[in-house]
Amino acid sequence: MDIDFKYAYLILDIPFFVIWVLFFLLSKETRKEQLIMSVLFIPAGPLSELLYFSDYWAPASVFSFSIGPVIVYIEDLIFAFALGGVGSVIYEAIFSKILSVPKGSVHYVIAIPLIILVGGLVTVSLFLLGVNSIFATSLGFIVAALLIVSQRKDLFIDSLLSGVLITVIMFIAYGVLIVFIPNTNELIRQGWLLYGTQFDIRILGIPLTEMMWYFTWGMVAGPLYEFARKMKFERT
């Protein structure tokens, strides 16, 4: 059944929220981390749209409001909440990893606030130079992930596999929607600003730019909690 463009973004949120609920119910050990990171990531949804709305996509919303220059879509809040929680625990939950506080203190040369600042500066600088926001933010994510892993090499696998697993989940979620919503291509045409451009490259109907974004975002989100809390994975 065809759907109205107004509901497309909300429907896109559904698979990610369902996955969030499944992780929360099935992985008791990661519930606290999942909930904390979900809440912390909520503001990232509307704030990121300051860039994405300008040159990447123009979705519709069933409900929105403004806070100063920031347009807040209810769909952004749901998406950031769901993806933030899932991305933060997906590696631990799937591979049954257990976190522990290591003996002795862990000192970072570059801490979380500076990592966020550097990643943000890379993103904004590239954007101002004319790089499309989806590429600018993806490169910003890569820089942030490298800063984390450079100081915590034990988190490299977490970072890499979180990126891969989030991309797989995205691929499945998008794939299901493409199969069951006949007018998917028309919805993409209406909302995706790269439609018909040189960057309109898709794999099984899914934009390659989306895969790139999810992978690089997962690389940062995956190890972020462990890095911030100075925790390590126990050997299993």
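Just so we're clear, the structure is a prediction, and the values are computed from it rather than from any experiment. The chain is numbered in sequence order, starting from 1.
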(request) Applying side chain to side chain contact (heavy atoms under 4.5 Å, CB included), run through Asn183 and Phe5 and close with a yes or a no. (result) CA-CA 10 Å; Asn183 65 325; Phe5 180 63; over 6 Å; no
Over all heavy atoms of both residues, which pair between [X] and [Y] is shortest? Give the atoms and the distance, please.
| X | Y | answer |
| --- | --- | --- |
| Ala228 | Ile112 | CB-CG1, 4.0 Å |
| Pro59 | Phe53 | CD-CE2, 3.5 Å |
| Val62 | Glu75 | N-OE2, 2.9 Å |
| Ile148 | Val220 | CD1-O, 4.4 Å |
| Ala8 | Leu187 | CB-CD1, 4.2 Å |
| Gln151 | Val109 | OE1-N, 2.8 Å |

Measure the spacing between [atom1] of [X] and [atom2] of [Y] and express it to the nearest 0.5 Å.
| X | Y | atom1 | atom2 | answer |
| --- | --- | --- | --- | --- |
| Ile181 | Asp2 | CD1 | CG | 9.0 Å |
| Thr123 | Phe135 | OG1 | CZ | 13.5 Å |
| Ile110 | Leu147 | CD1 | CG | 5.0 Å |
| Ile166 | Ile169 | CD1 | CD1 | 5.0 Å |
| Ile134 | Asp55 | CD1 | CG | 9.0 Å |
| Ile206 | Ile188 | CD1 | CD1 | 9.0 Å |

Any chain of hydrophobic side-chain contacts (each under 4.5 Å) joining [X] to [Y]?
| X | Y | result |
| --- | --- | --- |
| Val143 | Val124 | no |
| Phe17 | Ile14 | no |
| Phe141 | Leu117 | yes |
| Leu128 | Val122 | no |
| Leu51 | Met212 | no |

May I ask you to check whether [X] and [Y] place their ring centers less than 6.0 Å from one another?
| X | Y | value |
| --- | --- | --- |
| Phe227 | Tyr108 | yes |
| Phe233 | Phe95 | no |
| Phe199 | Trp192 | no |

(message) Give me each pair satisfying side chain to side chain donor-acceptor pair (under 3.5 Å) with a member in residues 35-54, each pair once, sequence neighbours excluded.
(response) Trp20-Ser38, Glu49-Trp57, Tyr52-Thr137, Tyr52-Trp213
(request) Give a yes-or-no answer on whether the side chains of Thr184 and Tyr174 include a donor-acceptor pair shorter than 3.5 Å. (result) no
For residues 77-92, tabulate all N or O donor-acceptor pairs below 3.5 Å that involve a side-chain atom, not counting sequence neighbours.
residue: Ser88; atom: OG; partner: Gly84; partner atom: O; Å: 2.7

(message) Under the salt bridge (Lys or Arg N to Asp or Glu O under 4.0 Å) definition, can you give me all pairs with a residue in residues 28-40, not counting sequence neighbours?
(response) none
(message) Strictly by salt bridge (Lys or Arg N to Asp or Glu O under 4.0 Å), give each pair with a member in residues 190-216 just once, sequence neighbours left out.
(response)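 Found Asp200-Arg202.
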(message) One pair to check against side chain to side chain contact (heavy atoms under 4.5 Å, CB included): Tyr195 and Asn185. What are the steps and the verdict?
(response) CA-CA 10 Å; Tyr195 186 95; Asn185 188 68; 3.2 Å; yes
Evaluate the side-chain proximity of [Y] to [X]: yes if any heavy-atom separation is below 4.5 Å, no if none is.
| X | Y | value |
| --- | --- | --- |
| Leu50 | Val70 | yes |
| Asn132 | Tyr56 | yes |
| Met37 | Phe41 | yes |

(request) Could you list the residues that satisfy side-chain hydrogen bond (donor to acceptor under 3.5 Å, both in side chains) with Tyr9, not counting sequence neighbours? (result)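 Partners of Tyr9 by the side-chain hydrogen bond (donor to acceptor under 3.5 Å, both in side chains) criterion, ordered by chain and then number, come out as Asp76.
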(request) Might you confirm whether atom CZ of Phe180 has over 12 heavy atoms from other residues, nucleotides or ligands at distances under 6.0 Å? (result)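 For Phe180, atom CZ is not crowded (no more than 12 foreign heavy atoms under 6.0 Å).
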(request) Give a yes or no on this: more than 12 heavy atoms of other residues, nucleotides or ligands lie within 6.0 Å of atom CZ of Phe171. (result)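 Count over threshold, so yes.
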(message) With a 3.5 Å distance limit and no angle check, can you tell me whether Ser27 reaches the backbone of Phe23 through a side-chain donor-acceptor pair?
(response) no
(message) Test your reading of the model: is there a side-chain donor-acceptor pair from Ser66 to the backbone of Gly68, 3.5 Å cut-off?
(response) no
Would you give me the side-chain donor-acceptor pairs under 3.5 Å for residues 154-164, sequence neighbours excluded?
residue: Asp154; atom: OD1; partner: Arg152; partner atom: NE; Å: 2.8
residue: Asp154; atom: OD2; partner: Arg152; partner atom: NE; Å: 3.4
residue: Asp154; atom: OD2; partner: Arg152; partner atom: NH2; Å: 2.8
residue: Asp158; atom: OD1; partner: Ser162; partner atom: OG; Å: 2.9
residue: Ser159; atom: OG; partner: Met219; partner atom: O; Å: 2.7
residue: Ser162; atom: OG; partner: Asp158; partner atom: O; Å: 2.6

